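Notes for the one structure printed next.
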Amino acid sequence: MSYFPEVDQPYYLSNFHTLLRWVEQRYDDLLLPKEHDFLDIFRQLSVESQCLLVRMLMRTKLHFRYSKLVYPEIGNIDVAVKELCLYELVVVDPVVDIEIVTGQMLKAELITCFGHDLLLPKASKKQLSEQLYECYGLQSKKHWSKWAVGLDDPLIQLQCQDMFDCLCLMFFGNPYQDLTEFVLTDLGLFRYETIPFDDSTRAFQNRQQIDFYRQLLISREFLEQDLPDQAFDSLPAPIDSDWLNQKRDKTLYRIGYEFERKSDFDQALSCYLDNDYRRARERHIRVLEKQQRYEEAFQLCEQALAEPLDENEQQSCQKMIKRLARKVARKVSIAVVAPIEQHTCQLSYGPEPVELLAAESLTSQVQQAIYVENSLFNGLFGLTFWEAVFKPYPGAFFHPFQSAPHDLYTTDFASTRAREIAAGWERMQQPDYHQWLADRYLDKYGIANPFVNWSVIDETLLRLVQRCIPIQHLKTIFERILFDIKSNSSGFPDLVVFDRCQSCYRLVEVKGPGDRLQDNQIRWFDYFIRHQIPASVLYVQWQNDANR
DNA sequence: GTTGGGATTG
DNA sequence: GAATGTGTGTCTCAATCCCAACTT
DNA sequence: TGACACACATTCAA
Ligand SMILES: [Mn+2]
Ligand SMILES: [Mn+2]
């Protein structure tokens, strides 16, 4: 029961209240006292103050000049600001450093306020700001009003952004989504599948998990600033959650990579050791090689090849072991690679991407080439296994804006959805599979699905698939996607070429001058060859190009 | 004076 | 010519506003 | 806000 009639609220305020209710309902036992206080205080604020606070929380920065807070639905903000101040949700005329000042002032204002400090008044704003950082240093702080003498435009500083970010994190289970999900869904711009789940389902099971993710975000910020040491030191210790530990390992891997860039190989090794992220062992071997510890590198590489974590690791290690074997004077058996069918053609250079030019040249009365890359087979996969993707599996869905189950990329996704996946295979056996697919396409059109790119799939394409691609080929391809969903939903050839007359098709990877097959593309080609799926590479040369 | 990258908005 | 590392552009929700660059 | 594919540079060994 709310004190305010929600119908009269601006859209963003009722969305905010909805979010607070959800969080309160699911996380009541995990909320800190200050978060409980915030919920109580916020609801007692005047509507104008609530509106102003939410407006500020939804904007990107922490500081706002009065003149930039103009909202018709709020009107004069003086009263609202006073009230927010009273509860320490905002501070008026905060103490700030010069960086905040340059960010808040226009270039012209900087020159007005600091003209006498500046050596090059004609420089760009960026350069002026740099000069002022030099001049004042980032540690000297003053009240905004002391910096902005004569501007007569007070500054407000938000005090509760962190707490709100934390509430958002609880609601969404990730730091990427925010309140815009609500309005975009209302407007029909985003559409999500509706999945039943009970009121107690939540992303985090205890407070340590929430704090863990927050701490991980702090570590990632250091990493973005190319500060691997700080990132490493601020990384949270492993915790009682597999998915959070996986995020930790991936961040740790990235930190290691950054250490490598800085040639700090020992630190890099400490990141890769005992790291379960699938690319970590490969980096570990490479670092050992860079340190010329060839014997250790060779042994770890052999170990990885004996029990590869995935095909990507296997492929990398097969390439490395050849080099390493020479270094340690050892013999290794070299895997035989099936030759990939390839052609060349000459096209006249144009502004369009080479894939489109090639598609055009491969399209005729009988042939039609379409630039689909990953979208065709992933899309068909997503439509076929819709029920598996959106099965209301316990804990997989916990808010209304999820385009995928939370555990989609975990190893037991397939086993926990075995029944639904089996139903998908069964569906493919039915004679009306393609009709069912087309119906499903219309039925679900526009609903977010991690495999379906709606702008690429259309009914014409579905008809061509029906006519030209054998069901068995689809099943074969889906099997590999399912085998390793994350790795194998990319690397598909650029084009699918349909032949209406012969009712056949071919997958074509287009390579312009200077481009080569990538590892994940090679893995798919290897699979295509082993399963007699028609695929080839088309090397494009530019007409009248002397370099051949 | 125009253009282009952001931030903001619903 | 492989193998590797690294940088870039493209998806973007779309319309509008603001501000700081400039014969783009 | 990454993920992905591509473009380009460097290195190294036959
Ligand atoms: Mn491509
Ligand atoms: Mn290509």
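Lettering follows sequence order; numbering is per chain, from 1. Nothing here was measured: the structure is a model prediction, and the numbers come from that model.
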N or O in side chain of A/Lys107 less than 4.0 angstrom from C/dA20 OP1/OP2 = no
Selected nucleotide, minimal atom distance to A/Met320 side chain, candidates D/dC4, C/dT4, D/dA13 | C/dT4
Classify the ring geometry between A/Phe398 and A/His406 as parallel (under 30°), tilted (30 to 60°) or perpendicular (over 60°).
-> perpendicular
Short side-chain N/O contact to D/dC6 OP1/OP2 from A/Gln521, under 4.0 Å = yes
Does A/Lys511 use its side chain to pair, donor to acceptor, with the backbone of A/Tyr539 at less than 3.5 Å?
-> no
Test log, rule ring pair (Phe, Tyr, Trp, His ring centres under 6.0 Å), inputs A/Phe204 and A/Trp243 = CA-CA 10 Å; A/Phe204 302 99; A/Trp243 72 275; 5.6 Å; yes
Would you please confirm or rule out a distance under 4.0 Å between OP1 or OP2 of C/dA20 and any side-chain N or O of A/Lys126?
-> no
A/His399 vs A/Phe401 aromatic rings, parallel, tilted or perpendicular, using cut-offs 30° and 60°?
-> tilted
Assign A/Arg254 to base, sugar-phosphate, or nothing according to its heavy-atom contacts below 4.0 angstrom with the strands shown.
-> sugar-phosphate
Contact boundaries on DNA chain B for chain A, cut-off under 4.0 Å to non-hydrogen atoms | B/dA7 to B/dG10
Nucleotide nearest A/Glu224 when distance is taken to its side chain, options C/dT6, D/dG2, D/dC4 = D/dG2
Using a 4.0 Å heavy-atom cut-off across all strands, classify A/Glu181 as base, sugar-phosphate, or nothing.
-> nothing
Should A/Gln518 be listed as having a side-chain N or O under 4.0 Å from OP1 or OP2 of D/dC6?
-> yes
Residue closer to the 5' end of DNA chain D, A/Arg326 versus A/Asp494 (nearest nucleotide) | A/Asp494
Should A/Lys122 be listed as having a side-chain N or O under 4.0 Å from OP1 or OP2 of C/dA20?
-> no
At under 4.0 Å, does any side-chain N or O of A/Arg323 touch on OP1 or OP2 of C/dA3?
-> no
Counting heavy atoms from C-beta on, name the nucleotide in C/dA20, D/dT1, D/dA5 closest to the side chain of A/Leu106.
-> C/dA20
Which whole number of Å gives the distance between the P atom of C/dT10 and that of B/dG4?
-> 13 Å
Looking at every strand, decide which applies to A/Tyr257 at a 4.0 Å heavy-atom threshold: base, sugar-phosphate, or nothing.
-> sugar-phosphate
Check nucleotides 8-17 of chain C for protein N or O atoms closer than 3.5 Å to its own N or O atoms and list the pairs.
none

When you check the side-chain N and O atoms of A/Asn312 and A/Ser487, is any donor under 3.5 Å from an acceptor?
-> no
With a 4.0 Å cut-off on heavy atoms, is A/Asn374 in touch with a base, just the backbone sugar-phosphate, or nothing at all?
-> sugar-phosphate
Whether A/Tyr257 and A/Tyr253 hold their rings parallel, tilted or perpendicular, with breakpoints at 30° and 60° = tilted
Is A/Arg261 salt-bridged to A/Asp226, going by a charged N under 4.0 Å from an acidic O?
-> no
What residues in residues 57-67 of chain A put a non-hydrogen atom under 4.0 Å from any atom of DNA chain B?
-> A/Arg59, A/Thr60
Return the nearest nucleotide to the side chain of A/Arg261; candidates are D/dA13, C/dG7, D/dC6.
-> C/dG7
Pair A/Glu295-A/Gln299, side-chain donor/acceptor within less than 3.5 Å = yes
Pairwise distance CG(A/Leu507) to CG(A/Leu495) - rounded to 0.5 angstrom = 9.5 Å
Provide, to the nearest angstrom, the distance between the CG atom belonging to A/Leu408 and the P atom belonging to D/dA3.
-> 14 Å
Before giving the answer on ring pair (Phe, Tyr, Trp, His ring centres under 6.0 Å), spell out for A/Phe164 and A/Phe16 the whole-Å C-alpha distance, their side-chain angles and the decisive distance to 0.1 Å.
-> CA-CA 10 Å; A/Phe164 176 63; A/Phe16 189 84; 5.1 Å; yes
Is the phosphate of D/dC4, meaning OP1 or OP2, less than 4.0 Å from a side-chain N or O of A/Asn520?
-> no
Take atom CD of A/Gln104 and atom C1' of C/dC19, then tell me their distance rounded to the nearest Å.
-> 13 Å
Minimum-distance nucleotide to A/Lys68 side chain [options: C/dA20, C/dG5, C/dC19] | C/dC19
For A/Arg55, answer base if it contacts any base atom (sugar-phosphate contacts may also be present), sugar-phosphate if it contacts only those atoms, and nothing otherwise; contact means non-hydrogen atoms under 4.0 Å.
-> sugar-phosphate
Indicate whether the side chain of A/Tyr409 and that of A/Gln246 have a donor and an acceptor atom separated by less than 3.5 Å.
-> no
Parallel, tilted or perpendicular: which fits the ring planes of A/Phe381 and A/Phe385, with parallel below 30° and perpendicular above 60°?
-> tilted
The side chain of A/Asp515 lies closest to which of these nucleotides: D/dA7, C/dG5, D/dA3?
-> D/dA7
Given C/dG5, is OP1 or OP2 found less than 4.0 Å from the side-chain N or O atoms of A/Arg283?
-> yes
When you look at NZ of A/Lys61, are more than 12 heavy atoms from neighbouring residues, nucleotides or ligands closer to it than 6.0 Å?
-> no
Check the distance between D/dT1's C1' and A/Gln177's CD and give it to me in whole angstrom.
-> 12 Å
Choosing from C/dA21, D/dA3, D/dT1, which nucleotide comes nearest the side chain of A/Ser124?
-> C/dA21
